[in-house]
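Computed from heavy atoms alone, side chains included, the values below leave out hydrogens, waters and symmetry copies. Since the model is a prediction, treat every value here as computed from it, not as a measurement. Count residues from 1 along the sequence.
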Amino acid sequence: MFGGKIGAPEIILILVIVILLFGAKKLPDMARSLGKSARILKSEAKAMKEEGKTSDQASGSTEQSSAQRTIQAAPGDVSSSRPVNEPTDSAQR
């Protein structure tokens, strides 16, 4: 009954319903917050990759100091950054 591909008329209908449900005033704010979330997710994924590379290089040593890194705020979000202590052992998470 509903089988088939989604085409342009269906997408337009979905967009009209979204605009009616949320209102035109809230859509830019929703898009802005979605963009901030995407930037934060991207920077966290990059930090995790870099952290994995450095832990692979340091895996030969038995002692590791407590990891601390600074999370930068998104542009326009806040003017400060905050230090975050993270566990060094992945089993602790």
Side-chain angles (χ1 to χ4, degrees):
M1 180 175 173
F2 291 109
K5 297 181 180 179
I6 295 178
E10 290 84 4
I11 293 174
I12 292 171
L13 180 64
I14 291 170
L15 289 175
V16 168
I17 291 171
V18 167
I19 290 172
L20 289 175
L21 286 176
F22 295 107
K25 290 183 179 182
K26 291 184 181 180
L27 288 178
D29 292 333
M30 290 173 53
R32 190 175 301 116
S33 66
L34 184 63
K36 284 182 184 179
S37 299
R39 281 193 300 271
I40 291 170
L41 180 64
K42 184 178 176 181
S43 66
E44 287 296 319
K46 183 179 176 183
M48 288 178 69
K49 283 183 182 179
E50 290 174 359
E51 186 177 295
K53 288 179 182 177
T54 58
S55 68
D56 287 343
Q57 293 172 355
S59 63
S61 64
T62 57
E63 291 185 26
Q64 291 182 350
S65 63
S66 65
Q68 184 176 14
R69 63 187 175 103
T70 302
I71 297 176
Q72 296 293 331
D77 195 12
V78 289
S79 60
S80 65
S81 57
R82 58 185 175 88
V84 177
N85 289 324
E86 294 182 341
T88 57
D89 185 13
S90 62
Q92 292 176 353
R93 292 183 184 180

| request: Scan residues 16-34 for pairs that pass side-chain hydrogen bond (donor to acceptor under 3.5 Å, both in side chains), counting only residues two or more places apart or in two chains. | output: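 Sorted pair list: D29-R32.
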| Roughly how far, to the nearest 0.5 Å, is the CD1 atom of I12 from the CD atom of E10? |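 Going from CD on E10 over to CD1 on I12, the span is 9.5 Å.
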| request: Measure from the side-chain N and O atoms of E50 to the backbone N and O of A47, and report whether any donor-acceptor pair falls under 3.5 Å. | output: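 No: the side chain of E50 does not pair with the backbone of A47.
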| Under a single-linkage rule joining Ile, Leu, Val, Met, Phe, Trp and Tyr whose side-chain heavy atoms are separated by less than 4.5 Å, which residues share a cluster with L15? |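 The other cluster members (ILVMFWY side chains, heavy atoms under 4.5 Å, direct or chained) are I6, I11.
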| task | List in chain and number order the residues that pass side chain to side chain contact (heavy atoms under 4.5 Å, CB included) with I17, two or more places apart in sequence or in another chain; answer none if no residue qualifies. | result |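 L13, L21.
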